[in-house]
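Here is the structure we will look at.
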Amino acid sequence: MLSRRTFLISTVALALPLPNAYAQKYPSKPIRIIVPTGAGTGTDLTARNLAVGLSKTLGQPVVIENKLGAGGMIGTDIVAKAAPDGYTLLFNYAAHYSNQWIENPPYDAVADFEPIARLAVSALVLVVGQNSPFHTVQDLIAAAKQKPNSLTYGSAGAGTTSHMAAALFSKMAGVELVHIPYKAPSQAAVDAAGGQVDMITIDEPVIHQAELFAVVE
């Protein structure tokens with residue numbers, strides 16, 4: 001199991017409001033929260049729980065919209081381009097910042113957003129399919145060293161925490177792995193369960209919903 005606090009930090013980001021945005025009582029209409037990951041992910045589930053509480057507290061509907069793709073950049077860009085009136089929020093995780101290290105997003109992850117709160121942390125877990133020949137981390141490392149670039153790992157996209165975690169594992173273990181990026185962690189999970197990729201690093205809520213995975217220890 002990888003570090004609980006290193007790879008996944010859920011952050012709400014909000015485009016800065018205009019000076020006259022609060023001329024009327026806020027909120028006076030429904031709020032939407034853009035989640036740049038797929039339904040059922042840890043980020044999505046946390047956002048949905050938050051939305052229920054916010055709706056009761058604020059007295060307005062709070063709607064979750066999943067806008068996945070490009071490692072979270074598609075949904076994030078929607079918020080960056082939305083009116084800065086406080087009615088379009090972004091619920092994202094650490095990839096909000098790490099994407100800029102290896103990609104060229106059409107927004108500035110720092111300058112274009114105002115963080116509101118860190119709401120949750122979650123562990124990333126290294127898993128393989130239930131029928132995988134690998135049962136321990138040592139099994140994976142030994143196979144990868146025997147045949148460099150023969151083992152594959154899936155991620156939720158380039159620059160995401162699942163990508164960064166596996167890349168760090170690869171570096172620490174001194175092995176060469178092949179990265180297979182997906183649009184969403186659930187897609188990577190399906191292929192890991194079916195053996196199309198050898199391993200994935202994935203957050204705990206997704207693991208708890210699956211039955212075809214083995215945690216590599």
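Quick note: residue numbers are just sequence positions, from 1.
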Given the rule in the side chain to side chain contact (heavy atoms under 4.5 Å, CB included) test, do Tyr26 and Asp85 qualify, once you have shown the distances and angles that lead to the verdict? CA-CA 10 Å; Tyr26 176 88; Asp85 55 8; over 6 Å; no
Any side-chain heavy atom of [X] within less than 4.5 Å of one from [Y]?
X	Y	value
Phe134	Asp198	yes
Thr201	Leu126	yes
Ile200	Ser162	no
Tyr107	Met73	yes
Leu177	His179	no
Ile141	Phe169	yes
Thr160	Tyr93	yes

Can you tell me how far the [atom1] atom of [X] sits from the [atom2] atom of [Y], to the nearest 0.5 Å?
X	Y	atom1	atom2	value
Ile116	Phe91	CD1	CZ	10.5 Å
Asp112	Lys81	CG	NZ	8.5 Å
Asn49	Ile64	CG	CD1	9.5 Å
Thr76	Leu90	OG1	CG	4.5 Å
Ile180	His163	CD1	NE2	10.5 Å
Ser155	Leu124	OG	CG	11.0 Å

Following the transitive rule for hydrophobic clusters with a side-chain heavy-atom cut-off under 4.5 Å over Ile, Leu, Val, Met, Phe, Trp and Tyr, establish whether [X] and [Y] coincide in one cluster.
X	Y	answer
Val128	Val175	yes
Met199	Val137	yes
Val127	Val178	yes

In residues 50-62, what donor-acceptor pairs under 3.5 Å come from side-chain atoms, sequence neighbours left out?
{"residue": "Ser55", "atom": "OG", "partner": "Gln60", "partner atom": "O", "Å": "3.0"}
{"residue": "Thr57", "atom": "OG1", "partner": "Gly53", "partner atom": "O", "Å": "3.0"}

Just by distance, do the side chain of Thr43 and the backbone of Asn92 share a donor-acceptor pair under 3.5 Å?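 Not confirmed, Thr43 side chain does not pair with Asn92 backbone.
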Look at the side chain of Asp139 and the backbone N and O of Thr136, then say whether any donor-acceptor pair between them is shorter than 3.5 Å.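 At least one qualifying donor-acceptor pair exists.
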Are there more than 12 heavy atoms of other residues, nucleotides or ligands under 6.0 Å from atom CG of Asn104?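 Not more than 12 within 6.0 Å, no.
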Using 30° and 60° as the class limits, which term best fits the ring planes of His96 and Phe113: parallel, tilted or perpendicular?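 Aromatic pair His96/Phe113 classed perpendicular.
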